[in-house]
Asks: 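First the structure, which I've put down as structure tokens, then a few questions once you've had a look.
Treat the numbers as computed from the prediction; the structure is a model and nothing was measured. Quick note: residue numbers are just sequence positions, from 1.
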Amino acid sequence: MKFLIAAVSLVSMVTASLDGNLNYNSPSRRHPSLGIDVPKVVRRGLETRAWDPVQLNFTHGVASGDPYPNSVILWTRVSPMLENDKSNVTVEGNVPLYNHDTETYIEASPNPVCVDYQIGIDRDFSSIVDKGTAYTTSDIDYTVKVEAKNLQPFTTYYYQFMVCNSDNKSPLGRTKTSPSAEYDGSKIGLAVYSCSNYPNGYFNAYGNAARKDNIDYVVHLGDYIYESTRGTLGKDPRATNPPREIFTLYDYRTRIAQYRTDLDLLLSHGQYPWIPVWDDHEISNNGWRGGSSGLNNTEDSFLKFGGVSVDQRKMNAVRAYFEWMPIRQVDMDDNLRIWRSFQMGKLLDLIMLDTRNYDRSITTLGWNNEYIADLKDDASRTLMGSHQENWFYNQLSKSAARGATWRLVGNQIIFSRINNTARSSDWLNADQWDGYTANRNRTLQHLYTNSISNTIFLAGDSHANWVSDLVWLDEKPYDQVTGVGSVGVEFAGTAVSSSGFGGTIANATTKSKGLVRDNKELQWSEGYYRGYYELHISPDEIQANYFGCPTVASRNPFEISLANFTVKAGDNHLTRNVGNGTVEAGALQRGTTRQTNVTLNTETGTWNVTMFNQMFIQY
Ligand SMILES: *[C@@H]1O[C@H](CO)[C@@H](O)[C@H](O)[C@H]1NC(C)=O
Ligand SMILES: *[C@@H]1O[C@H](CO)[C@@H](O)[C@H](O)[C@H]1NC(C)=O
Ligand SMILES: *[C@@H]1O[C@H](CO)[C@@H](O)[C@H](O)[C@H]1NC(C)=O
Ligand SMILES: *[C@@H]1O[C@H](CO)[C@@H](O)[C@H](O)[C@H]1NC(C)=O
Ligand SMILES: *[C@@H]1O[C@H](CO)[C@@H](O)[C@H](O)[C@H]1NC(C)=O
Ligand SMILES: *[C@@H]1O[C@H](CO)[C@@H](O)[C@H](O)[C@H]1NC(C)=O
Ligand SMILES: *[C@@H]1O[C@H](CO)[C@@H](O)[C@H](O)[C@H]1NC(C)=O
Ligand SMILES: *[C@@H]1O[C@H](CO)[C@@H](O)[C@H](O)[C@H]1NC(C)=O
Ligand SMILES: *[C@@H]1O[C@H](CO)[C@@H](O)[C@H](O)[C@H]1NC(C)=O
Ligand SMILES: *[C@@H]1O[C@H](CO)[C@@H](O)[C@H](O)[C@H]1NC(C)=O
């Protein structure tokens with residue numbers, strides 16, 4: 001009898017702690033068949049022995065994200081092995097797990113791993129603000145995601161995880177809450193990223209912002225991983241793991257885990273709270289609601305690609321993403337929902353969209369491009385689906401009504417109309433908003449009709465830099481020289497490491513010159529450098545600073561200041577002279593390009609900083 005009581009209380013205790021790990025709720029708590037059977041995990045755990053703390057490692061650092069004024073998400077992975085889980089643990093007893101590092105089988109138990117966490121105002125934890133215990137198991141790839149609570153707004157915190165009853169500790173993480181909605185007069189800095197392709201190059205851009213350390217939060221607009229395969233494992237230092245295009249849950253976990261070994265990515269995750277959304281490659285290239293370029297929703301495709309359907313593949317990718325990313329699931333009834341928003345003081349609202357996977361009408365898939373070109377103006381076409389689209393317009397209105405100065409829209413693809421003739425045989429890229437013109441018109445209509453001011457679109461996806469006034473061409477007058485008639489600004493950024501325009505810097509500049517010639521709202525185009533941009537936001541103005549990495553072929557800390565832009569509150573266009581009249585690379589409307597010839601000394605592996613000293617920033 002006594003034993004029974006003890007067992008029962010242990011069950012409820014462990015259940016509560018499993019609940020503390022938010023990853024048991026993903027992808028959907030309300031649809032148990034899609035998620036984890038927590039009672040089963042608890043029963044299994046009670047039958048098996050506990051882990052010895054020395055068997056466990058924090059394999060992929062720490063991360064934090066989705067800052068609210070009083071809470072933030074903390075993440076780590078604590079595991080008996082580097083290898084990712086195949087979710088193949090049998091319920092009956094112990095399962096031998098193979099440790100690829102030691103080439104031995106571990107007498108593994110599916111017993112939960114126990115971790116404590118704490119968060120405080122300094123590195124020494126002289127004052128602990130929140131702490132707790134959480135459990136993880138192979139079911140969620142040994143990931144841990146908890147919400148640290150009771151925090152003060154717009155405050156820096158340090159956090160750490162520890163294997164229970166041991167001194168086995170994770171690296172120390174740093175994070176920051178958001179300002180409360182009422183907070184007035186703060187300044188906020190963001191680093192904005194997209195398109196980090198591991199085999200294509202080193203993630204220097206992540207590390208550069210972290211080394212300068214003059215921002216508060218990281219925003220990632222998607223293509224955090226790529227699903228394709230490249231290189232030979234064991235031969236090429238950045239060959240993809242697994243060595244194939246990814247489809248299964250194990251595949252997606254393994255791919256994200258590999259990306260999370262890049263030292264600059266780890267640095268950024270450990271130092272800033274991230275606010276990410278996915279684009280197509282977190283699942284599959286040129287995704288839409290019913291498929292992607294490489295996978296039709298047909299019997300043929302199903303058989304060709306190892307029996308993983310479009311829906312199952314999406315589910316696998318989404319589950320691995322939620323397990324590994326330090327983000328909140330804002331709607332437990334909607335497991336595909338990543339679109340969400342953040343109020344950051346009176347200063348700004350950050351509205352993060354999913355124009356890709358949630359409910360998007362068909363896009364260009366290679367074989368159907370002519371059909372999409374014919375279809376692009378169809379009134380029913382949507383990038384977001386009606387649920388999200390209505391939410392989006394409401395968010396814009398509510399944000400204006402509450403008196404937030406700025407509205408930042410974290411979106412994947414380029415919003416502005418772009419004539420691509422200068423770099424492509426096809427003027428139209430219908431995989432961007434250009435393929436969904438009715439949806440774009442509805443958005444512009446909402447902004448103009450409701451006189452919603454100070455809206456800044458952010459975009460990634462394109463692997464190049466595009467800075468534009470936000471205009472409704474053929475509907476509202478627009479003066480290219482003064483910017484009058486524009487309703488906001490678009491800042492689209494280049495890739496962390498995915499390929500740009502290609503060729504030499506001179507080739508890329510030629511293309512950019514053509515692009516600004518053919519697109520009057522496009523004020524700056526640049527497609528040579530890999531990099532990112534920072535936004536420094538204050539009540540009076542936004543400063544956008546674009547940075548380029550001279551090379552991603554090696555891990556290095558060099559960067560070049562490419563261009564700076566200002567937007568004054570209330571102007572709704574880029575401040576003239578745009579870019580202060582001079583940029584380092586690419587092409588500027590009515591401006592000049594310095595275009596320094598950057599050289600690498602291949603003998604020493606250093607950049608020629610003699611010549612370009614004023615331009616290079618080495619941290
Ligand atoms: C954990 O880390 C220690 C120390 O780095 C190492 O010796 C051990 O092999 C690792 N264990 C596993 C299971 O990876
Ligand atoms: C799961 O384990 C069983 C038994 O060991 C094995 O037959 C099966 O192939 C495994 N499935 C996967 C997806 O690894
Ligand atoms: C998808 O279907 C189209 C049209 O039938 C075909 O051209 C294309 O090759 C298919 N793609 C795949 C990956 O099977
Ligand atoms: C795109 O620009 C080219 C000039 O490079 C022009 O000839 C063409 O008419 C433009 N296309 C559209 C659709 O505006
Ligand atoms: C979008 O607005 C433009 C400008 O008014 C108009 O020419 C175009 O026909 C509209 N497209 C759709 C699909 O409504
Ligand atoms: C770069 O420009 C040169 C000179 O105009 C041209 O010959 C070459 O084909 C271009 N290369 C690429 C990759 O566009
Ligand atoms: C951008 O501004 C910084 C100072 O904030 C300056 O050092 C840098 O040279 C500027 N970059 C360009 C391309 O003008
Ligand atoms: C703009 O350019 C002028 C001269 O070209 C320079 O003095 C000034 O510092 C620049 N301002 C910024 C913000 O880069
Ligand atoms: C840059 O300088 C190097 C070395 O002087 C030269 O080989 C190369 O052609 C130059 N590149 C461009 C684009 O001017
Ligand atoms: C670096 O620039 C200086 C000054 O122009 C030049 O003398 C030197 O040859 C350059 N070094 C390399 C490695 O390009």
Asks: Are Y224 and W278, when compared by the centres of their aromatic rings, separated by less than 6.0 Å?
Replies: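 Y224 vs W278: aromatic centres not under 6.0 Å.
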Asks: Fit a plane to each ring of F565 and Y546, take the angle between them on a 0 to 90° scale, and name the class: parallel (under 30°), tilted (30 to 60°) or perpendicular (over 60°).
Replies: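 Aromatic pair F565/Y546 classed perpendicular.
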Asks: Can R340 and D331 be counted as an ion pair, charged N to O under 4.0 angstrom?
Replies: no
Asks: For R417, is there an ion pair with E521 - N to carboxylate O distance below 4.0 angstrom?
Replies: no
Asks: Say whether, by atom type as modelled, one donor and one acceptor occur between the side chain of K314 and the main chain of N357 under 3.5 angstrom.
Replies: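 Looks like yes, one N/O pair under 3.5 Å.
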Asks: Looking only at heavy atoms, which two atoms of L470 and L447 are closest? And how far apart?
Replies: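 Smallest interatomic distance, heavy atoms only, reads CD2-CD1, 4.2 Å.
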Asks: Which one of Y202, Y252, Y226, Y198 satisfies the ring pair (Phe, Tyr, Trp, His ring centres under 6.0 Å) criterion with Y259?
Replies: Y198
Asks: Quick one, N545 with Y533, criterion side-chain hydrogen bond (donor to acceptor under 3.5 Å, both in side chains). Give me CA distance, side-chain angles, the key distance, then yes/no.
Replies: CA-CA 5 Å; N545 306 121; Y533 60 101; over 6 Å; no
Asks: Looking at every non-hydrogen atom in both residues, tell me the closest pair between D426 and N420 and how far apart they are.
Replies: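 Shortest heavy-atom separation between D426 and N420 comes out as O-CB, 3.6 Å.
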Asks: Under a plain distance cut-off of 3.5 Å, with no hydrogens placed, do T248 and D251 share a side-chain donor-acceptor pair?
Replies: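 The answer is yes; a qualifying pair exists.
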Asks: Any donor-acceptor pair under 3.5 Å linking the side-chain atoms of R576 with those of T482?
Replies: no
Asks: Is a salt bridge present between R442 and E389, judged by a nitrogen-to-oxygen distance below 4.0 Å?
Replies: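 Answer for the salt bridge query: yes.
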Asks: With no hydrogens and no angle check, just 3.5 Å: does a side-chain donor-acceptor pair link T575 and T566?
Replies: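 No.
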Asks: Are T421 and N419 close enough that a side-chain donor and a side-chain acceptor fall under 3.5 Å?
Replies: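 There is such a pair (donor and acceptor under 3.5 Å, judged by atom type) between the side chains of T421 and N419.
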Asks: Which residues pass the salt bridge (Lys or Arg N to Asp or Glu O under 4.0 Å) test with R517, sequence neighbours left out?
Replies: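 R517 satisfies salt bridge (Lys or Arg N to Asp or Glu O under 4.0 Å) with no other residue.
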Asks: Just wondering, do V277 and H220 contact through their side chains at under 4.5 Å, heavy atoms?
Replies: no
Asks: Identify the residue among F491, W466, W472, F457 that makes a ring pair (Phe, Tyr, Trp, His ring centres under 6.0 Å) with F415.
Replies: F457
Asks: Which one of V578, N465, L515 satisfies the side chain to side chain contact (heavy atoms under 4.5 Å, CB included) criterion with W524?
Replies: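 Only one option passes, and that is N465.
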Asks: Just checking, any donor-acceptor pair under 3.5 angstrom between side chains of T229 and T240?
Replies: yes
Asks: With side chain to side chain donor-acceptor pair (under 3.5 Å) as the test, pick out the partner of T363 among D431, N286, N368.
Replies: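 When side chain to side chain donor-acceptor pair (under 3.5 Å) is applied between T363 and each of D431, N286, N368, only D431 qualifies.
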Asks: Side chains of S453 and N572: do they bring a donor and an acceptor to under 3.5 Å?
Replies: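 Note: S453 and N572 side chains meet the donor-acceptor criterion.
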Asks: Looking only at the side chains, is there a donor atom on one of T382 and R360 sitting less than 3.5 Å from an acceptor on the other?
Replies: no
Asks: Could you check whether K476 makes a cation-pi contact with Y448, meaning its NZ or CZ is under 6.0 Å from the centre of the six-membered ring and within 45° of the ring axis?
Replies: yes
Asks: Would you check if there is a donor-acceptor pair between the side chains of D434 and N429 at a distance under 3.5 Å?
Replies: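 Absent: no donor and acceptor within the cut-off.
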Asks: Under a plain distance cut-off of 3.5 Å, with no hydrogens placed, do Q523 and R590 share a side-chain donor-acceptor pair?
Replies: yes
Asks: Can you confirm whether the side chains of S538 and D540 place a donor and an acceptor under 3.5 Å from each other?
Replies: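 Distance-only check fails for S538 and D540.
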Asks: Quick one: list whatever passes ring-ring contact (aromatic ring centres under 6.0 Å, His included) with Y206, sequence neighbours left out.
Replies: Y193, F203, W274
Asks: Hey, are S341 and Q395 close enough side-chain-wise for a donor-acceptor pair under 3.5 Å?
Replies: yes
Asks: Compare every heavy atom of D216 with every heavy atom of Y272, then report the nearest pair and how far apart it is.
Replies: CD2-O, 3.8 Å
Asks: Hey, is CD on E370 packed in by over 12 heavy atoms from elsewhere, all under 6.0 Å?
Replies: no
Asks: Tell me the closest heavy-atom pair linking I452 and R407, and the distance in Å.
Replies: CG2-NE, 3.5 Å
Asks: In terms of the angle between their ring planes, are Y358 and W339 parallel, tilted or perpendicular, with boundaries placed at 30° and 60°?
Replies: perpendicular
Asks: Any donor-acceptor pair under 3.5 Å linking the side-chain atoms of N200 with those of S499?
Replies: yes
Asks: Check whether any side-chain heavy atom of D378 lies under 4.5 Å from a side-chain heavy atom of Y436, and answer yes or no.
Replies: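 No, side chains not in contact.
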Asks: Please determine, by modelled atom types, if H536 and E534 share a side-chain donor-acceptor pair under 3.5 angstrom.
Replies: yes
Asks: Would N241 and T254 count as having a side-chain donor-acceptor pair, cut-off 3.5 Å?
Replies: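 N241 vs T254: no donor-acceptor pair found between side chains.
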Asks: Side chains of T355 and Q412: donor-acceptor distance under 3.5 Å anywhere?
Replies: yes
Asks: Taking the basic N atoms (NZ, or NE/NH1/NH2) and the acidic carboxylate oxygens, is any pair closer than 4.0 Å for R313 and E245?
Replies: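 So R313 pairs with E245 through a salt bridge.
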Asks: Would T510 and N507 count as a side-chain hydrogen bond (donor to acceptor under 3.5 Å, both in side chains) if you check the C-alpha gap in whole Å, the side-chain angles of each, and the deciding distance to 0.1 Å?
Replies: CA-CA 5 Å; T510 303; N507 287 101; 6.0 Å; no
Asks: Give the ring-plane orientation class for Y393 versus H446, where under 30° counts as parallel, over 60° as perpendicular and anything between as tilted.
Replies: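 The arrangement is parallel - the two ring planes meet at less than 30°.
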